[in-house]
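The next block holds one structure in the form of structure tokens; read it before the comments.
Basis for what follows: all heavy atoms, side chains included, without hydrogens, waters or symmetry-related copies. The structure displayed is predicted, hence computed values, not measured ones.
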Amino acid sequence: MSGSYDRGRLVELFGDDASTVAEIEREFLDTARGAAVEIRGTDDLERIAKAAHRVKGASGMIGADALSRVAAAIEQAARARDLSAVRRLDAHFSEEVTRVASQVAAA
């Protein structure tokens, strides 16, 4: 895989229809960006864990492995009640969301 996610995985799962793939990418980015805002905007560790969990699963589905890993780390930190670790990971999470968005825009 080159890039921040594996577009070929979407094609394998949903077919090679460009509009379908683009819609899935848009929905994924909406989810990821919303989670980034939610994680950054709250100290509620349960909400943070749930937001990170959503992105972890969706990222795994599209092959955004680096984003999936950082989402998993945030989820784990939130479940461990370690807000300082969540905050340390937040910038990396946002960077990975931006990397996926840049790859989608270039496709």
**Prompt:** Side chains of I62 and D6: closer than 4.5 Å at any heavy-atom pair?
**Reply:** no
Sorted by chain and residue number, the salt bridge (charged side-chain N to carboxylate O under 4.0 Å, His left out) partners of R40 (sequence neighbours excluded) come out as D90
Evaluation steps, side-chain contact (heavy atoms from CB on, under 4.5 Å), between E95 and H92: CA-CA 5 Å; E95 289 168 11; H92 185 55; 3.9 Å; yes
Residues passing the salt bridge (charged side-chain N to carboxylate O under 4.0 Å, His left out) test with R88, sequence neighbours excluded, are none
Compile the donor-acceptor pairs under 3.5 Å between side chains in residues 28-36 and protein atoms, sequence neighbours left out, one pair per line.
from	atom 1	to	atom 2	distance (Å)
T31	OG1	E27	O	3.1

Value for CG (D65) from OH (Y5), rounded to nearest 0.5 Å, stands at 13.0 Å
Under 4.0 Å between a Lys/Arg side-chain N and an Asp/Glu carboxylate O for K50 and E75? no
With sequence neighbours left out, the residues meeting salt bridge (charged side-chain N to carboxylate O under 4.0 Å, His left out) with R26 are E23
Separation between CG (L45) and CD1 (I39), nearest 0.5 Å, reads 11.0 Å
The reported gap from CZ in R99 to CG in L67 (rounded to nearest 0.5 angstrom) is 9.5 Å
* Under 3.5 Å, side chain of E25 to main-chain N/O of V104, donor-acceptor pair present? -> no
E38 meets the salt bridge (charged side-chain N to carboxylate O under 4.0 Å, His left out) criterion, sequence neighbours left out, with R47, R54
(Q) Please determine whether residues V37 and V97 belong to a single hydrophobic cluster, defined as Ile, Leu, Val, Met, Phe, Trp and Tyr linked transitively by side-chain heavy-atom distances below 4.5 Å. (A) no
Practice item. Look only at the side chain of S59 and the backbone of V55, and say whether a donor-acceptor pair between them is shorter than 3.5 Å. Key: yes
Output, in order, the C-alpha distance, side-chain angles, deciding distance and verdict of salt bridge (charged side-chain N to carboxylate O under 4.0 Å, His left out) for R87 and D43.
CA-CA 10 Å; R87 296 295 172 235; D43 290 341; 2.9 Å; yes
So salt bridge (Lys or Arg N to Asp or Glu O under 4.0 Å) across residues 11-20, not counting sequence neighbours, yields none
To the nearest 0.5 Å, atom CG of L13 lies from atom CD1 of I24 at 8.0 Å
Worksheet item: Do D82 and S84 come within less than 4.5 Å of each other through their side chains, counting heavy atoms only?
Response: yes
Checklist entry - Below 4.0 angstrom, N of the basic side chain to O of the carboxylate: do R69 and E96 qualify? => result no
inquiry  = Quick one, F93 and L89 - any side-chain contact, counting heavy atoms below 4.5 Å?
reply    = no
